Amino acid sequence: MTGFFSSSKHSSPPHASSQSTTHKFGDTLMEDTLKNAEEIIKRWDLDESSSNLFQDSRTEAKQYLEAVIDLQHAMQFVVKESATSQLLVPAQNLMKIAIERLQKEFYNILAGNRYFLDSEGGSRESTRSSGSDEDQGSEDDNAEIESRFAELSIDDEGEKVSVAVDLKAIADCMIEAGYGKECAKIYELNRKSVIEETLYYLGVENISPSTVQKMDWKDLEKKIKIWLNAVKVAVSTLFYGERILCDQVFSISDSIRESCFTGIAKDSALTLFTFPEMVAKYKKLSLEKMFRILDLYDSISELLSEIEVIFGFDSMVAVKSQALTSMAKLRDAARAMLAEFESAIKKDSSKVVAGGGIHPLTRYVMNYLIFLSDYSGPISDIIADWKALVKSPLPESYLLSPIADDGDSPSCIVSVRLTWLILVLLCKLDGKAGFYGDVPLSYLFLANNLNYVVSKVRQSSLKLLLGPEWLSNHEAKVEQYMANFKRMGWSSVMTSLPENSTAEISPAEAKECFCKFSLSFEETNWKQRSWVIPDPKLRDEVKISLANKILSAYQPFYQKHGEKVARMESGGGVESIVRFAPDNVQNYLSDLFHGSSENSSTSSSHGSSSRSTRTWSSPLRGR
């Protein structure tokens with residue numbers, strides 16, 4: 001027992017021997033690592049060399065990164081086994097030199113290739129200078145992102161390497177060495193300024209809501225046009241490219257990827273998507289400004305899926321929320337203007353036009369609806385759940401459209417709303433027709449205006465939304481109105497002749513008929529000389545119809561009884577009683593329905609429309 005304890009006193013425990021062996025192994029490993037790493041790290045010490053490692057020698061750049069990683073692994077091993085090792089101090093000093101060089105290299109690559117994900121510098125400047133041109137395309141700014149990485153690269157030893165790969169290699173090394181925050185800080189400072197500068201060249205400004213409220217619409221509309229040109233490039237090229245770059249450079253750390261992208265993009269993205277909300281809250285919004293609201297809504301809507309992916313990090317929820325908030329405010333503004341539009345039609349108190357021509361209200365409303373039909377996508381989104389608040393008062397039989405069976409489809413939702421607005425217009429016109437005080441002129445007014453409505457529908461995308469049955473039904477109504485006009489407006493002329501124009505009657509009866517015909521034709525012709533049918537096709541159809549109807553009765557009567565009446569007159573003065581020969585009737589009819597030059601403008605002169613022209617002088621305003 002004593003010998004056992006005595007022996008134990010003088011011999012080392014097994015674990016102590018193992019620990020000593022491990023310490024020696026760690027020191028040897030550190031010494032070898034320091035020796036190998038020191039040679040290449042000090043060769044590129046910033047105090048000794050101002051050259052660019054990654055540009056001058058790719059082979060040594062690779063060796064440099066490997067040396068830093070080896071040094072870090074060795075330090076971690078020694079710290080774990082012997083935290084008091086004297087070799088840790090020189091190792092830490094050497095690591096400091098290496099990280100300073102890598103920081104410098106990382107900064108130089110970023111600074112030297114600021115826009116390798118952006119379009120060419122010249123195109124950025126031209127985008128800003130031409131931002132007010134609505135038709136300025138952005139196709140050049142939307143080139144494939146993948147090709148951007150290859151545009152600017154470093155050529156060394158015959159091998160072309162993307163700068164993004166170099167950035168990733170340095171970032172991987174610094175993160176693994178425990179300097180991820182330092183690397184991310186350099187990256188954020190550089191790329192954040194790139195985003196801000198690019199948005200500036202695209203014309204996107206950080207303006208306050210109060211500034212927007214003080215702007216004249218003309219100035220605000222210029223900014224809206226600039227924003228509309230910029231947003232596609234900003235989302236699909238700029239932010240998308242930055243997200244790809246950030247994901248690639250910091251692929252080994254999800255947390256740094258997220259924090260970096262949030263740091264460089266969040267503020268600028270919020271600035272971009274806040275602007276539409278400020279426009280939606282503009283206090284001077286009026287009906288003619290509707291289409292800019294729809295443009296803004298449509299732009300965000302089309303990019304929404306991309307926005308959700310690009311800003312998919314939890315820390316970027318504010319950006320997605322702002323985009324959705326802007327859409328909601330734009331939707332509210334558009335709904336308010338649609339309600340105002342309907343109310344303005346109902347409340348319109350403008351006078352009827354001379355000669356039964358096309359009313360300014362008809363022109364305005366139809367041109368407005370044509371523009372709305374071009375926005376069937378956003379309009380359907382805007383009014384999709386609005387029907388629960390504003391139920392359509394249309395009778396089911398009124399919506400005669402091939403898509404009527406699918407009442408919840410976007411096209412049908414828009415169709416119902418536009419059909420209702422046209423009905424509101426037609427009801428208003430029906431009320432105005434009564435102010436003429438002349439029933440035939442009232443029917444002519446209704447025929448002209450409904451014909452204009454039908455023509456505008458047929459010539460635009462409204463045709464697809466309202467359907468062929470709507471068109472055929474309203475074309476039949478035009479014919480009905482015009483038939484009433486012809487029947488009532490020319491009844492005195494037709495009734496002045498006997499039902500059977502070739503029947504045998506006395507010369508005295510014939511003379512009386514000629515007198516009645518001449519008097520009624522002259523009076524009717526004189527009255528209707530100031531009346532107008534603006535549509536040339538409809539005008540010709542009406543004149544041909546009237547000529548056929550009148551001459552079919554008058555010509556045989558004239559041929560049979562004209563000479564009899566002539567013989568009754570002393571000296572054969574037939575013209576004193578028979579004042580209109582058939583050819584004269586034809587000529588007088590051909591001169592009708594042109595009205596004044598102001599009223600005779602045809603519907604075709606108002607038939608053109610495009611989404612690039614959205615300025616009107618509304619007859620609905622200023623009452």
Side-chain angles (χ1 to χ4, degrees), residues 102-119 121 124 127-128 141-143 145-146 148-149 151-152 162-175 179-207 227 230-275 303 306-323:
L102 291 179
Q103 286 178 313
K104 181 68 173 178
E105 292 290 328
F106 196 72
Y107 173 83
N108 286 342
I109 294 173
L110 285 171
N113 302 278
R114 282 173 62 83
Y115 299 107
F116 67 87
L117 280 179
D118 194 10
S119 52
R124 291 188 299 107
T127 299
R128 181 172 179 82
D141 299 297
N142 288 319
I145 286 296
E146 289 78 5
R148 308 271 183 187
F149 286 107
E151 284 180 3
L152 291 176
S162 168
V163 294
V165 174
D166 291 338
L167 291 173
K168 172 178 168 50
I170 296 173
D172 287 352
C173 181
M174 291 184 68
I175 291 171
Y179 292 87
K181 288 184 178 180
E182 290 77 359
C183 181
K185 183 177 180 180
I186 296 171
Y187 186 90
E188 282 185 36
L189 287 174
N190 182 277
R191 300 314 297 175
K192 182 179 176 72
S193 66
V194 169
I195 290 178
E196 291 173 347
E197 199 171 307
T198 303
L199 286 179
Y200 170 79
Y201 279 113
L202 288 172
V204 177
E205 301 177 63
N206 188 2
I207 54 180
W227 189 92
V231 66
K232 176 68 176 176
V233 181
V235 173
S236 300
T237 300
L238 179 62
F239 288 117
Y240 175 60
E242 289 297 334
R243 174 63 191 270
I244 287 178
L245 180 64
C246 198
D247 286 351
Q248 183 173 358
V249 172
F250 298 106
S251 60
I252 68 169
S253 173
D254 291 342
S255 61
I256 293 180
R257 274 196 310 128
E258 180 172 352
S259 65
C260 260
F261 186 66
T262 301
I264 68 175
K266 184 177 180 179
D267 291 344
S268 293
L270 287 173
T271 296
L272 180 68
F273 294 122
T274 300
F275 177 73
L303 294 168
E306 292 181 61
I307 293 170
E308 301 238 346
V309 172
I310 295 169
F311 304 100
F313 291 126
D314 291 342
S315 55
M316 294 293 254
V317 68
V319 174
K320 293 183 289 184
S321 177
Q322 180 58 58

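This one's a predicted model, so the numbers in the text were calculated from it and none came from an experiment.
Without hydrogens or angle criteria, Arg243 side chain to Leu238 main chain gives no donor-acceptor distance under 3.5 Å. A distance-only check finds a donor-acceptor pair linking the side chain of Asn113 to the backbone of Ile109 [under 3.5 Å]. The backbone N or O of Phe250 lies less than 3.5 Å from no partner atom in the side chain of Ser253, so there is not a single donor-acceptor pair. Listed for the Ser321 side chain is no donor-acceptor partner under 3.5 Å among the backbone atoms of Val317. Remark: the backbone N or O of Leu272 is paired with a side-chain donor or acceptor of Trp227 at under 3.5 angstrom.
Salt bridge status for Glu306 with Lys232: present, with a side-chain N to carboxylate O gap under 4.0 Å.
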Worksheet item: Run the side-chain contact (heavy atoms from CB on, under 4.5 Å) check on Gln248 and Val165 step by step: do they pass?
Response: CA-CA 8 Å; Gln248 183 173 358; Val165 174; 4.2 Å; yes
Item to complete: Go through Ser259 and Phe313 one step at a time and tell me if the side-chain contact (heavy atoms from CB on, under 4.5 Å) criterion holds.
Response: CA-CA 9 Å; Ser259 65; Phe313 291 126; over 6 Å; no
Fill in: Phe273 and Ile307: CA distance, side-chain angles, deciding distance, side-chain contact (heavy atoms from CB on, under 4.5 Å) verdict
CA-CA 10 Å; Phe273 294 122; Ile307 293 170; 3.5 Å; yes
Item to complete: Verify side-chain contact (heavy atoms from CB on, under 4.5 Å) between Thr271 and Leu199, making sure each step is shown before the conclusion.
Response: CA-CA 10 Å; Thr271 296; Leu199 286 179; 5.9 Å; no
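Between Phe311 and Phe239, a ring centre-to-centre spacing shorter than 6.0 Å is recorded.
Counting only heavy atoms from C-beta outward, the side chains of Tyr240 and Val235 never approach each other to under 4.5 Å. Residues Phe261 and Ser315 have side chains not in contact (no heavy-atom distance under 4.5 Å, counting atoms from C-beta outward). Residues Asp314 and Glu258 meet the side-chain proximity criterion, which asks for heavy atoms closer than 4.5 Å. Taking the side chain as every heavy atom from C-beta outward, Phe106 and Leu102 never approach each other to under 4.5 Å. Counting only heavy atoms from C-beta outward, the side chains of Val194 and Glu242 approach each other to under 4.5 Å.
Heavy atoms of other residues, nucleotides or ligands lying less than 6.0 angstrom from NZ of Lys104 number 12 at most.
For the atom pair Glu197 CD and Leu202 CG, the distance stands at 11.5 Å (nearest 0.5 Å). Taken to the nearest 0.5 Å, the CG atom of Asn108 stands 12.0 Å off from the CG atom of Asp166. Between the CD1 atom of Ile264 and the CZ atom of Arg191 there is a distance of 7.0 Å, given to the nearest 0.5 Å.
Side-chain contact check for Ser268 and Glu196: no donor-acceptor pair (N or O, by modelled atom type) lies under 3.5 Å.
Legend: residues meeting salt bridge (Lys or Arg N to Asp or Glu O under 4.0 Å) with Lys168, ordered by chain and number and at least two apart, are Asp172. Glu308 meets the salt bridge (Lys or Arg N to Asp or Glu O under 4.0 Å) test with no other residue; sequence neighbours excluded. For Asp254, the salt bridge (Lys or Arg N to Asp or Glu O under 4.0 Å) partners at least two apart in sequence or on another chain are Arg257.
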